[in-house]
Amino acid sequence: MIMITRKLFQEDVYKKDCISTIAEVHGTGTREDPFLLVLDETVFFPEGGGQPCDLGTIENVPVVNVFEKDGVIFHGLQPLHILEKTDSNSQKNDWKPGDKVSCNLDWKRRFSHMQRHCGEHILSGIFFSECGGVNRGFHMGSDYMTIDIDVQEITWEAAERIEMLTNEAIWANLPVSVRYFDNPSEAEHLPLRKALAIDEDISIVCVGDESNPADCVACCGTHPNTSGQVGLLKILKLENYKGMTRVYFKAGEEALEDYRNKHRILTDLNLKYSSDDNNLLDKIRAQDEKNKEIRQELYLMKNTLKDKAVSEIFNEYGIAAAEPTTKVFSVTETGLLIREYPYFHANDLITITKALTEIYGSSTSSSKRNTAKTSDIGGKNYPLFVLVSTRENTIILASNGAHDCGKIVKDNAHIWRGKGGGNANSARALFPTREDLECYVTFIKQAYRLPEAER
Ligand SMILES: [Zn+2]
């Protein structure tokens with residue numbers, strides 16, 4: 001026998017619970033094969049028409065999805081392994097056809113869907129009557145809705161006017177009627193926004209009087225019986241979408257939630273900027289200007305400090321080479337050149353090592369001459385630069401041939417929990433603590449200094 005589930009939500013959309021008789025039991029309750037109950041009648045709306053399904057409980061067992069197939073509504077239950085973890089009282093695995101079960105809707109969720117869905121009707125109806133745009137796609141997401149209106153360009157001003165007309169239709173508290181027809185010809189006299197796409201079991205939703213409705217269209221969803229219950233509708237943004245306009249909006253309780261959230265953010269910002277809603281933007285702009293000046297000042301000061309750091313190193317270790325524009329490094333006692341800086345970031349240190357090696361690089365002709373023995377540039381080893389940013393626990397290594405910086409990091413930094421890498425000329429390593437960093441520097445001092453004989 002083919003059975004059709006009686007849809008109680010079509011008879012009374014406000015019915016929140018019912019006692020139903022189990023008609024069929026499918027599944028075994030496992031994760032892969034959860035119980036699916038077919039009931040003789042149900043308050044649960046299955047997914048359809050862009051509206052998500054209802055949730056709730058059957059005999060206190062959570063209903064996790066509801067869908068319809070050929071007029072039969074299936075109620076998917078929470079699998080047993082999850083029930084065992086959460087609430088043993090609601091565990092049930094002896095569903096039998098003929099048993100009576102108590103069904104309860106998650107009414108807050110359902111009513112929110114009704115508000116949002118009805119809001120979408122009115123907004124689509126008014127887009128249609130005001131600019132001839134037909135809604136070609138509807139999406140009801142968990143935190144906003146979209147409709148795709150087949151008009152290429154809608155200005156924000158036009159959208160705001162339509163939003164106002166929509167809210168006026170909501171506040172007019174118009175009746176929302178649903179009428180059922182067996183075939184399309186019976187419904188043809190209605191002022192439909194869209195041509196009928198189905199041949200039987202037609203339900204037509206009309207917001208307001210049929211002679212001049214805010215909306216009139218075929219729909220299988222659930223709607224409140226007056227438009228006033230939508231409460232509020234707010235358009236969030238417009239977007240071009242495949243030659244149409246995608247309209248993002250919220251309605252009902254979710255619009256209030258959105259207002260609350262935005263109000264909370266504004267309140268926090270006003271506190272932070274000692275402002276009110278009216279002068280907040282001015283205060284933010286003024287702060288931005290100030291920040292810009294500070295950044296510029298900081299940039300100039302940092303550059304001066306970096307130049308100073310470079311010349312300090314050269315004054316100490318740079319010596320004139322054979323060519324007048326060139327400098328090379330004299331040997332240090334150990335072949336290492338270690339400097340610590342409390343105020344520089346690692347990236348600043350890279351700029352400094354670049355400046356050092358670039359000036360050095362102008363003597364590449366002499367370095368090429370010395371490629372056979374790179375350790376003899378300037379008479380002795382070209383030093384290994386070891387620059388340390390103590391504020392970031394980061395070390396920058398730089399060399400121009402005598403050392404492989406990437407290898408020095410790769411082989412040893414991990415011993416002190418350092419992370420990083422690089423190439424032969426330049427590498428960096430970041431350490432979790434100052435102590436780790438200092439251990440690594442001590443290691444480099446011992447491992448990479450020149451042997452006594454070469455000093
Ligand atoms: Zn609808």
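Scope of the values below: all heavy atoms of this structure, side chains included, with no hydrogens, waters or symmetry mates. This structure is a prediction, so every number in the text was calculated from the model and none was measured. Numbering of ligands and ligand atoms starts at 1, following listing order.
When the Zn ion (ligand 1) is compared with the N/O/S atoms of H121, atom NE2 turns out nearest.
Counting only heavy atoms from C-beta outward, the side chains of C103 and I58 approach each other to under 4.5 Å.
When all heavy atoms of A214 and A169 are compared, the closest pair comes out as CB-CB, 4.2 Å.
Residues T433 and D436 bring a donor and an acceptor atom of their side chains to less than 3.5 Å of each other. There is no side-chain donor-acceptor pair under 3.5 Å between N167 and E163.
Here the Zn ion (ligand 1) is the vertex; the NE2 atom in H223 and the SG atom in C219 give an angle of 120° (to 10°).
Backbone or side-chain N, O or S atoms of C118 do not reach the Zn ion (ligand 1) at under 2.8 Å.
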